[in-house]
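Just so you know, these numbers come straight off a predicted model, no measurement behind them. FYI, side chains are in, hydrogens and waters are out, and symmetry mates aren't considered; it's all heavy atoms of this structure.
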Amino acid sequence: MIEGNGDLFDPRTIMDSDFSADENAGSSGESDFGFAFNDSNFSDRILRIEIIPDLHECESDSESIADWARNRKRRREDIKRESVSELVNCEERDLHVNVPECDIPDTDDVLGYENPDEEAMAMIEESPSAVGTNQNNLDPHVGNDVCRGNDPGLSMDCLAVLRVKTLHISSPILAAKSPFFYKLFSNGMRESEQRHVTLQINASEEAAFMDLLNFMYSNTLSTTTPTALLDVLMAADKYEVASCMRYCSRLLRNLPMTSESALLYLDLPSSVLMADAVQPLTDAAKKFLAGRYKDLNKFQEEVLNLPLAGIEAVLSSDDLQVASEDAVYDFVLKWARTHYPKLEERREILGRRLALVIRFPFMTCRKLKKVLTCNDFDQEFSSRFVLDALFFKAEAPYRQRVLAAEEANASSYRRFVERAYKYRPVKVVEFELPRQQCVVYLDLKREECAQLFPAGRVYSQAFHLGGQGFFLSAHCNMDQQSSFHCFGLFLGMQEKGSVTFSVDYEFAARSKPTEEYMTKYKGNYVFTGGKAVGYRNLFGLPWNAFVADDSVFFINGILHLRAELTIRQ
């Protein structure tokens, strides 16, 4: 690791523990050249900064994040059209650079839905009328002609230079912090050897640019407001000052986060978002949104109104509280249809972006069939997603764990990681002949069971037999005879119509030492919609003995349950 300013463009990376948001101090180990800022005794060049009007004069005195975002969005397209590194010869002696700026699971479970640094007193500030005079031995040919050359369609009023600032700069200091300035001063052409350099910036960028220059000397910023820091961050990205981007990112990360600011951090230009220095900030924004909207059912309307970056952050979370992955799929479709009414655009955004937040392997097979016939998805994409899901479902449990771990380590795509669903996923084997029958496997973690005490319950996803939906539910309840808490397992039928089924059922569980399924309860029941039947004390044990560390029913921390259902003829 290189100390001080040894690393030419990006001074040494420090750990967060080395950084204090309460101190306006730069990174430890970096030299402070603040004394040389705008001092002719320590400078070899003169920088002339021409400030021109923004193409959209909509600046506000407000410090609101929302105002900053609105103004920034209005300017972004204009900024993109201008090149940061466009070099323009103003005269033989000058280099001019133009730089702008009942709680029963359902089969189709759809969610109901600051000021610039005062230190630069020696800076000369010229009025527009003074541009034509020769002050400080600077060339008088500036401003209007150059501006018109960028966009002939612009009016004279828009192109007038508002003011000019000049200051003394040290090319080695700026070049050491920024590839932009390094190229500017060492491109091997005659202009790179000239003493006078001219930059042209928009009025909205003036304060941020001055803060950035000061940072390149002193490794610190005087501004602390979110909007000002964001402006400096944008300027640092434009002029490729990675150390300042990291500094701003840390300061913003230590400020109170809101939904508004989190969405703004995720909506920064792609060049900023892709920078390693800003990654911790965007990660913090995603984490905040995921936590804020963790309960999808509770905040469904708010989440439905989130932009694309927000919906991706929320639905990518492992901790998302949702009934099932089927519900996530339905919600994604609803969001996409709301925000992208055109089918072609919707298919593109679903296939390339939103499909990556849906964990298809944990959807029910019935819902996967609907994915194949859903017109919102391109057929090529839907087929691939469904095939991947089916192959994963067919894998042995240990292989599923290996696949989930491999993918989690390789990328942020977590399709094989199971969320904490309200309705627990089940594996189902169905038979049509000689009788209609299905075998259902439900696995529960020890911690999931422990959370049921003293009166909780957990439901499985729906499964089907004879065209009718059923579900399993595990309970912590009171044994009526012995008056102690115990584990119970029940079988229920969904409320759909007045269909009546006579079903033989059998509950079994794996147990040590054989780890084979052992039958615990058998019965027969005539089901009608909404009815459930089962056994209150499946294992004949008090609750404490059931969840104890030496319990024979937990194998590697997992309770393995099985239910066999057969329709009686």
Side-chain angles (χ1 to χ4, degrees), residues 16 21 54-80 100-101 114 202-209 211-212 215 221 223-239 241-242 244-294 299 301-317 335 338-339 349 353-354 357 412:
D16 286 344
D54 291 282
L55 295 181
H56 297 286
E57 281 291 354
C58 54
E59 295 304 305
S60 169
D61 294 331
S62 170
E63 286 293 320
S64 165
I65 282 281
D67 291 336
W68 188 97
R70 283 192 291 269
N71 293 338
R72 180 62 62 185
K73 276 185 174 293
R74 273 190 286 261
R75 296 197 300 264
R76 184 174 295 173
E77 290 305 316
D78 300 315
I79 293 173
K80 286 180 180 178
E101 260 248 32
E114 210 122 355
N202 290 331
S204 61
E205 301 175 302
E206 180 182 356
F209 181 68
D211 281 336
L212 176 64
F215 177 90
L221 292 172
T223 185
T224 58
T225 63
T227 51
L229 287 172
L230 282 167
D231 277 329
V232 176
L233 177 63
M234 299 283 284
D237 171 65
K238 185 181 304 180
Y239 292 96
V241 187
C244 187
M245 294 180 70
R246 180 176 294 106
Y247 188 87
C248 292
S249 175
R250 288 195 184 102
L251 286 179
L252 288 168
R253 212 162 72 244
N254 286 318
L255 292 175
M257 188 85 71
T258 65
S259 297
E260 187 179 62
S261 63
L263 289 171
L264 182 58
Y265 300 153
L266 295 178
D267 193 40
L268 292 170
S270 58
S271 62
V272 180
L273 291 175
M274 293 174 64
D276 292 339
V278 184
Q279 193 64 50
L281 177 63
T282 56
D283 288 344
K286 293 175 183 179
K287 184 178 180 180
F288 175 86
L289 291 173
R292 172 71 176 82
Y293 301 111
K294 182 178 180 178
F299 297 104
E301 290 304 320
E302 291 183 54
V303 178
L304 193 63
N305 291 323
L306 290 178
L308 178 60
I311 198 76
E312 286 180 314
V314 172
L315 299 185
S316 294
S317 172
W335 185 93
T338 301
H339 291 263
I349 210 68
R353 302 282 294 272
L354 289 179
V357 304
S412 58

Would you say S316's side chain and E312's backbone share a donor-acceptor pair under 3.5 angstrom? yes
Residue set satisfying side-chain contact (heavy atoms from CB on, under 4.5 Å) with L255, at least two apart, ordered chain then number -> P226, L229, L252
Rounded to the nearest 0.5 Å, the CG atom of L264 sits from the CD atom of E260 at a distance of 8.0 Å
Applying side-chain hydrogen bond (donor to acceptor under 3.5 Å, both in side chains) to D276 and not counting sequence neighbours gives none
For S261 and P256, the nearest pair of non-hydrogen atoms, with its separation, is OG-O, 4.5 Å
When rounded to the nearest 0.5 Å, the distance separating CG of L308 from CD1 of I349 is 4.5 Å
To the nearest 0.5 Å, atom OG1 of T225 lies from atom CG of D231 at 8.5 Å
* To do: List the steps, then state whether side chain to side chain contact (heavy atoms under 4.5 Å, CB included) holds for R292 with E302.
  => CA-CA 11 Å; R292 172 71 176 82; E302 291 183 54; 3.6 Å; yes
- Is the side chain of D237 donor-acceptor paired with the backbone N or O of L233 at a distance under 3.5 Å, no angle test? no
For K294, the side-chain contact (heavy atoms from CB on, under 4.5 Å) test, sequence neighbours excluded, returns D319, Q321
The side-chain contact (heavy atoms from CB on, under 4.5 Å) partners of A275 (sequence neighbours excluded) come to M245, V278
By side-chain contact (heavy atoms from CB on, under 4.5 Å), L266 pairs with (sequence neighbours left out) T282, A285, K286, L289, A309, A313
task: Show your reasoning for whether side chain to side chain contact (heavy atoms under 4.5 Å, CB included) applies to S259 and Y293.
output: CA-CA 10 Å; S259 297; Y293 301 111; 3.3 Å; yes
Distance col, row L306:CG vs E301:CD, nearest 0.5 angstrom, shows 11.5 Å
Donor-acceptor check, side chain of H339 to backbone of N305, threshold 3.5 angstrom: yes or no?
no
Would you say V314 and F299 make side-chain contact, with heavy atoms under 4.5 Å? no
Residue pair L354 / W335, side-chain heavy-atom distance below 4.5 Å
yes
Nearest heavy-atom approach of V272 to L268 is CG1-CD1, 3.8 Å
So CG of L281 and CZ of R246: to nearest 0.5 Å the spacing works out to 13.0 Å
- [ ] Might you work through the side chain to side chain contact (heavy atoms under 4.5 Å, CB included) test for V232 and F215, ending with a clear yes or no?
- [x] CA-CA 10 Å; V232 176; F215 177 90; over 6 Å; no
Rounded to the nearest 0.5 angstrom, the CG-CD1 distance for L304 and I311 is 7.0 Å
The side-chain hydrogen bond (donor to acceptor under 3.5 Å, both in side chains) partners of T338 (sequence neighbours excluded) come to none
